[in-house]
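Just follow the structure's listing: the first ligand is 1, and inside any ligand the first atom is 1. Because only heavy atoms are used, hydrogens play no part in the values below, and waters and symmetry mates are left out as well, while side chains stay in.
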Amino acid sequence: MKRSLMISLFIVIVGIIGLSIGCVKEGTQYGVLGKCVGPYWEVVKKGAEDAGKELGIKVTVFMPQKEDIPQQIETVETWISMGFKGMAVAPSDPEALVAPVDLAMEKGIPAITIDTDSPNSNRICYIGTDNYTAGKVAGEKMAEILGGKGKVAIATGSLTAMNSLERMRGFEDAIKEYPQIEIIKPILCDNEETSRAVELAETALLNNPDLDAFFCVYAFNGPAAATAVKAASKKGEIHIVSFDVTDDHLYSINEGLIDATIAQKQYLMGYEGVKILHSINKKGMEATLDSLPKNEEGGYIIDTGVDVVTKENLEEYLKQMDKWGVEHTFKL
Ligand code: BGC
């Protein structure tokens, strides 16, 4: 090959590589940042990816292995430096994520929160469960199951994330109406590690032979408590009120290990999250905000709602899951 031809070829190849790198940088890309790996977040991911497919845009979904605040901060910073066009974040600590979320906003990258909020940040809106109210619903259900009397252990995956704190606050407020219900301390916190969650539930059973129930705040906790209760042969004796519906919850509800679970609509958190980010970029901030509901304080909060699932309405709920296209291996 002639030297001049080789040089031209080289220039063309470099040009193509440059262009494609440029494309990745310029290409619309939204980031969805969860709190830990597991079936709950897989559903959020599916929602976000479905929205991405519909809109024809690239969506990157990332979850740390377990609750990991530094990794969440690093991820947001990386996405900012990569020039993402928007991000939906579930802060494991609402205050720790203020600076990175605000930095994204300063750089003109729309940032919203999903699943758990960071109200002191400049995030545009929050999409997820009204966690205080949902915690209250769980408390009322627990009181009903216990007949207004008993000892309850609380198990959660985080003592910093706002959704966990708000659920516990709502639960405790509901329980206040029943002076004969006692919440034992300390709260069992596993940082979203399944094996640790089972260990903590087992220890609580051993240390409290008179325990009557577990209130399980996160998706991991219900199945973990059910495993411990089953291993201790205390099915029916120890009640469980949990959050979320995963396959493990469905089996445990059917088996009579979990009495009731507060089902979140996490698919919508991913799906609507991406759609809102895209709308901000396409239609503009004002037009998008005009279409969102405002709360009493003027904040933009989208409550995705909850369902209470028990053995009685399991069949109906499964039909609902099929309608939504949420996969489950459990069948009645
Ligand atoms: C919570 C998430 C949590 C998940 C997995 C859900 O109930 O909303 O914040 O990461 O459980 O444990």
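For the residue pair S118 / T113, no side-chain donor-acceptor distance below 3.5 Å is found, with atom types taken as modelled.
Residue A219 has at least one nitrogen or oxygen atom sitting less than 3.5 Å from a nitrogen or oxygen atom of ligand 1, judged on distance alone.
Using a 4.0 Å cutoff on heavy atoms, Q266 does not count as a contact of ligand 1. Distances shorter than 4.0 angstrom occur between a heavy atom of D244 and an atom of ligand 1.
By the 30° and 60° cut-offs, the orientation of the rings of Y30 relative to H278 is perpendicular. Between Y317 and W324, the ring planes are perpendicular. Angles over 60° get that label, and only those under 30° would be called parallel.
For E327, the CD atom is loosely surrounded, since the number of other residues' heavy atoms within 6.0 Å does not exceed 12. Shown here is E315, whose CD atom has no more than 12 heavy atoms of other residues, nucleotides or ligands within 6.0 Å.
The nearest heavy-atom contact from the protein to atom 12 (O) of ligand 1 is E192 OE1, 2.4 Å. Regarding atom 4 (C) of ligand 1, its nearest protein heavy-atom neighbour is Y40 CD2, 3.7 Å. Of the protein's heavy atoms, D115 OD1, 2.7 Å lies nearest to atom 8 (O) of ligand 1.
Within ligand 1, the atoms closer than 4.0 Å to a non-hydrogen atom of R167 are 1 (C), 6 (C), 7 (O), 8 (O), numbered from 1 in the order shown. Taking every heavy atom of K35 and a limit of under 4.0 angstrom, the matching atoms of ligand 1 come to 2 (C), 3 (C), 9 (O), 10 (O). The distance from ligand 1 to the heavy atoms of F220 drops below 4.0 Å at these ligand atoms: 12 (O).
The two residues N281 and P110 have their closest heavy-atom pair at OD1-CG, 3.9 Å.
Within the 4.0 Å heavy-atom criterion, neither part of T129 lies near ligand 1.
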